[in-house]
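Both counts, for ligands and for their atoms, begin at 1 and track the order of listing.
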Amino acid sequence: MTTKADDRPVILWFRQDLRLADNPALNHAAETGRPVLPVYILDQGTRVRPMGAASLWWLDKSLRALDGSLRDRGSRLILRRGDSEAELQRLIAETGADAVFMNRLFEPEAWERDADIAHGLAADGVECKGYNGSLLCRPGEVLNGSDAPYKVFTPFLKALLAQAKAPPHTTGPTRIDTPTEAASDALSGWGLHPTNPDWSRGFDWTAGETGATEALSAFVSGGLKSYSRGRDRPGEAATSRLSPHLHFGEISPWRAVKSVQEAADARAVPKSEADKFVAEIGWREFSAHLLHAFPQIADRAFRPEYDAMPWRSDLEALEAWKLGRTGYPMVDAGMRELWATGFMHNRVRMVAASFLIKHLLIDWREGEAWFWDTLVDADRASNVQNWQWVAGSGADASPYFRIFNPVTQGQKFDGDGRYVRRWVPELGRLPDRWLHSPWTAPSEVLRDAGVQLGKTYPRPIVDHETARARALAALKTVSAERSSSGD
Ligand code: FAD
């Protein structure tokens with residue numbers, strides 16, 4: 001196809017930035033004054049880890065929403081499936097486009113792939129322009145006094161907040177001119193929504209930009225007031241539930257940060273609560289910056305001695321954990337919430353992850369992979385960083401010897417049992433006192449509550465004290481490894 005130089009379209013390559021507001025790549029593409037071709041390429045190939053099933057569920061709804069918003073502005077979303085570079089080249093050949101605008105992905109595999117694509121396209125005279133639309137600061141920008149990446153969270157957060165400059169809020173161009181001839185796949189043809197069986201019936205989410213801003217407003221006028229206390233109570237709806245929206249870039253992190261800060265400035269909420277929320281956004285940043293600086297941590301321990309941990313292979317126990325049938329109600333509630341909704345409360349993620357790693361002595365990578373497949377907010381950097389935090393092998397991690405007791409965690413953070421009763425209904429009639437440790441209940445209490453251990457609800461698959469001793473003995477072998485390697 002031949003097109004006059006000024007009419008050549010620019011490709012706007014959407015990835016994890018599925019929004020029109022506060023979208024730097026979109027704004028820059030529109031500023032060229034040339035036609036804009038918005039495209040999403042589903043690339044489940046080998047260069048970047050393929051998305052899990054729950055993420056694909058979300059993607060389906062989010063792309064639908066994005067296409068609707070683009071149509072409201074006179075444009076539409078072009079869908080392609082296959083190898084990213086090959087699909088871009090095809091689109092360029094079909095439309096005469098000579099530039100690709102995108103918001104950067106900072107995960108190591110995507111980063112390398114995008115650099116290769118930019119290199120290849122440059123050789124054909126096609127320019128690639130990348131922006132930061134997903135983080136408060138670009139990885140590599142927040143460095144310590146020795147110009148090295150931070151490995152400890154608190155000084156990282158301080159430096160991040162001192163350095164990060166909020167861009168002005170933008171709503172995106174009111175009209176986006178898109179050439180009509182570019183062909184698109186039909187989203188329904190991609191089969192992203194599960195059928196036969198449809199395991200997503202309990203997924204109660206509104207994906208897309210509108211869903212994201214609604215979730216933010218609901219949080220600012222609701223849970224934010226008592227966030228620091230409420231965020232640890234899985235039975236209360238006290239957190240923002242913004243993580244999948246942030247992962248898919250349906251809202252910019254700046255929008256979330258500015259909204260809570262404005263609420264604090266207007267004295268609608270205490271400043272301490274807004275600060276706590278901003279610190280959690282800071283953990284998201286810390287994870288992204290760490291993975292970018294230390295790409296090996298995607299599948300190896302940040303502290304290499306932990307790769308020598310004597311992990312057990314126990315498929316039966318792993319299966320019980322995945323299905324929420326470990327016999328520990330707090331763990332089982334979390335794993336069932338995950339399966340039913342694509343989400344798990346953060347406090348329970350910590351307890352469930354710790355149980356897999358320390359009580360079952362199963363490699364954290366097994367858990368990370370399960371979360372990757374089942375979480376709607378599955379995010380390479382946050383998932384890896386948090387699993388390693390729990391495993392004790394990460395940067396600024398919880399020490400391995402600190403082993404969560406799933407019973408006392410349940411009693412402390414779900415004292416009234418609201419969370420466990422919701423997800424483990426077969427224990428619903430047990431009094432609070434025994435709810436988190438049903439095996440300690442007298443037989444008449446179990447009978448009155450209709451609980452038959454080993455039949456209606458499993459007995460614990462491991463004894464806490466025995467598992468704890470085994471985990472600490474395993475840690476000793478790691479410590480021995482460390483001293484013999486002279487570290
Ligand atoms: P809020 O409490 O409202 O927090 C606001 C935002 O801050 C979140 O949306 C999230 O973007 C960020 N945030 C909060 N806590 C963390 C944290 N510990 N680490 C990084 N960012 C954080 N989060 C993911 O987004 N994707 C993952 O794949 C993921 N895997 C995890 C695995 C494990 C084992 C653990 C313990 C945590 C994981 N988290 C992950 C972090 C955290 O559990 C979720 O971000 C949080 O539960 C999302 O709920 P929310 O949006 O209501 O959080």
Side-chain angles (χ1 to χ4, degrees), residues 16 49 51-52 54-55 58 107 134-136 153 156-157 160 205 211-212 215-216 218-220 222-224 226-234 236-257 259-260 273-291 298 321 331 334-335 337-338 341-358 364-398 404 409:
Q16 289 171 26
R49 190 185 198 181
M51 269 184 257
S55 298
W58 188 285
E107 297 92 349
S134 59
L135 295 171
L136 305 182
F153 176 67
F156 168 83
L157 180 66
L160 171 78
W205 297 94
L216 177 61
F219 172 65
V220 171
L224 178 59
S226 51
Y227 176 69
S228 16
R229 182 199 155 275
R231 65 184 287 275
D232 269 324
R233 319 266 148 182
E236 296 173 20
T239 68
S240 69
R241 292 170 70 89
L242 276 174
S243 51
H245 300 291
L246 284 165
H247 170 76
F248 283 93
E250 296 168 354
I251 192 162
S252 113
W254 275 118
R255 185 88 182 268
V257 164
S259 294
V260 300
E273 301 301 305
D275 287 348
K276 183 69 192 159
F277 178 80
V278 173
E280 295 308 313
I281 297 286
W283 273 104
R284 176 176 180 271
E285 294 272 321
F286 188 49
S287 306
H289 286 233
L290 275 177
L291 183 60
W321 178 79
V331 175
M335 298 309 293
E337 180 190 18
L338 174 61
T341 68
F343 187 82
M344 194 196 302
H345 187 278
N346 180 60
R347 166 63 45 187
V348 196
R349 288 187 204 203
M350 291 195 282
V351 175
S354 170
F355 187 84
L356 183 81
I357 297 168
K358 296 175 185 176
W364 63 267
R365 282 160 280 229
E366 294 279 2
E368 192 273 342
W370 181 248
F371 273 28
W372 180 259
D373 199 31
T374 52
L375 277 172
V376 285
D377 65 19
D379 179 272
R380 197 88 163 108
S382 291
N383 206 24
V384 159
Q385 192 279 123
N386 277 286
W387 273 95
Q388 293 223 33
W389 185 89
V390 176
S393 63
D396 204 4
S398 162
F404 280 126
Q409 286 285 309

Notebook entry, point to check: Any side-chain donor paired with an acceptor under 3.5 Å for Asp377 and His247?
Noted result: no
Next item on the list: For atom 40 (C) of ligand 1, find the nearest protein heavy atom and state the residue, atom name and distance (0.1 Å precision).
Entry: Arg349 NH1, 3.2 Å
Notebook entry, point to check: In terms of atom number and element, which parts of ligand 1 are under 4.0 angstrom from non-hydrogen atoms of Ser243?
Noted result: 9 (O), 25 (O), 45 (O), 48 (C), 49 (O), 51 (O)
Notebook entry, point to check: So is Phe219 close enough to ligand 1, meaning a heavy atom under 4.0 angstrom away?
Noted result: no
Notebook entry, point to check: Considering only protein heavy atoms, which is closest to atom 34 (C) of ligand 1, and at what distance to one decimal place?
Noted result: Trp387 NE1, 3.6 Å
Check: With backbone taken as N, CA, C and O and side chain as the heavy atoms from C-beta onward, which portion of Phe343 lies under 4.0 Å from ligand 1: side chain, backbone, both, or neither?
Finding: side chain
Next item on the list: Look only at the side chain of Asn383 and the backbone of Glu368, and say whether a donor-acceptor pair between them is shorter than 3.5 Å.
Entry: yes
Notebook entry, point to check: In this structure, which one of Phe371, Trp364, Trp370 forms a ring-ring contact (aromatic ring centres under 6.0 Å, His included) with Trp387?
Noted result: Phe371
Notebook entry, point to check: Which of the listed options, Arg231, Glu280, His245, Gln385, holds the heavy atom that is closest to atom 13 (N) of ligand 1?
Noted result: Glu280
Next item on the list: Assign the ring pair Phe248 / Trp58 to parallel, tilted or perpendicular, where the plane angle (0 to 90°) is split at 30° and 60°.
Entry: parallel
Checklist line | Closest approach of any protein heavy atom to atom 1 (P) of ligand 1, naming residue and atom | finding: Tyr227 OH, 3.4 Å
Check: At a 4.0 Å threshold, what atoms of ligand 1 neighbour a non-hydrogen atom of Ile281?
Finding: 6 (C), 7 (O)
Check: Under a 4.5 Å cut-off applied to non-hydrogen side-chain atoms, are Leu291 and Gln385 in contact?
Finding: no
Note to self: Students should be able to answer this: which protein heavy-atom is nearest to atom 19 (N) of ligand 1, and at what distance?
What the structure shows: Asn386 ND2, 3.0 Å
Check: For atom 28 (O) of ligand 1, what is the nearest protein heavy atom, given as residue, atom name and distance?
Finding: Asp379 N, 3.0 Å
Next item on the list: Considering only non-hydrogen protein atoms, determine which one is nearest to atom 3 (O) of ligand 1 and report residue, atom name and distance to 0.1 Å.
Entry: Ser240 OG, 2.6 Å
Margin query: For Trp205, does the six-membered ring have the charged nitrogen or CZ of Arg241 within the cation-pi criterion, i.e. under 6.0 angstrom from the centroid and within 45° of the normal?
Written below: yes
Next item on the list: Determine yes or no for a side-chain-to-main-chain donor-acceptor pair under 3.5 angstrom, with Glu337 supplying the side chain and His345 the backbone.
Entry: yes
Next item on the list: Determine, for Arg229 against Glu236, whether the closest basic-nitrogen to carboxylate-oxygen distance falls under 4.0 angstrom.
Entry: yes
Next item on the list: With heavy atoms of Met350 as the reference, note each atom of ligand 1 found under 4.0 Å away.
Entry: 36 (C)
Check: Quick one: does Leu242 get an N or O within less than 3.5 Å of an N or O on ligand 1?
Finding: yes
Next item on the list: Determine whether any heavy atom of Trp389 lies closer than 4.0 Å to an atom of ligand 1.
Entry: no
Notebook entry, point to check: In the protein, which heavy atom is nearest to atom 50 (P) of ligand 1, and how far is it?
Noted result: Arg241 N, 3.5 Å
Next item on the list: Check each of Leu224, Val260, Asp377 against atom 27 (C) of ligand 1 and report the one with the nearest heavy atom.
Entry: Asp377
Item checked: Proximal atoms of ligand 1 relative to Ala378 (non-hydrogen, under 4.0 Å) -> 28 (O)
Item checked: Check: Ala391 main-chain N/O paired with Lys358 side-chain donor or acceptor under 3.5 Å -> no
Note to self: Are Phe153 and Trp283, when compared by the centres of their aromatic rings, separated by less than 6.0 Å?
What the structure shows: yes
Check: Would you say the side chain of Trp254 lies within less than 4.5 Å of the side chain of Leu135, judging by non-hydrogen atoms?
Finding: no
Check: Any nitrogen or oxygen of Trp283, main chain or side chain, under 3.5 Å from a nitrogen or oxygen of ligand 1?
Finding: no
Checklist line | Interfacing atoms of ligand 1 (cut-off 4.0 Å, heavy-atom, Phe277) | finding: 3 (O), 5 (C)
Next item on the list: Give the atoms of ligand 1, by number and element, whose distance to some non-hydrogen atom of Leu246 is under 4.0 Å.
Entry: 9 (O), 11 (O)
Next item on the list: Output the list of atoms in ligand 1 that are nearer than 4.0 Å to some heavy atom of Arg284, sorted by atom number.
Entry: 11 (O), 20 (C), 21 (N)
Margin query: Show me the pairs that pass side chain to side chain donor-acceptor pair (under 3.5 Å) and involve residues 389-398, at least two apart or across chains.
Written below: Gln388-Ser393
Next item on the list: Determine, considering heavy atoms only, which of Asn346, Ile357, Val351 sits nearest to atom 47 (O) of ligand 1.
Entry: Asn346
Notebook entry, point to check: Heavy-atom distance to atom 32 (C) of ligand 1: which of Val348, Val376, Ile251, Asn383 wins?
Noted result: Asn383
Checklist line | Residues Arg284, Glu280: salt bridge by 4.0 Å N-O rule | finding: no
Next item on the list: State whether Phe343 and Arg349 meet the cation-pi test: NZ (Lys) or CZ (Arg) under 6.0 Å from the six-membered ring centroid, and within 45° of the perpendicular axis.
Entry: yes
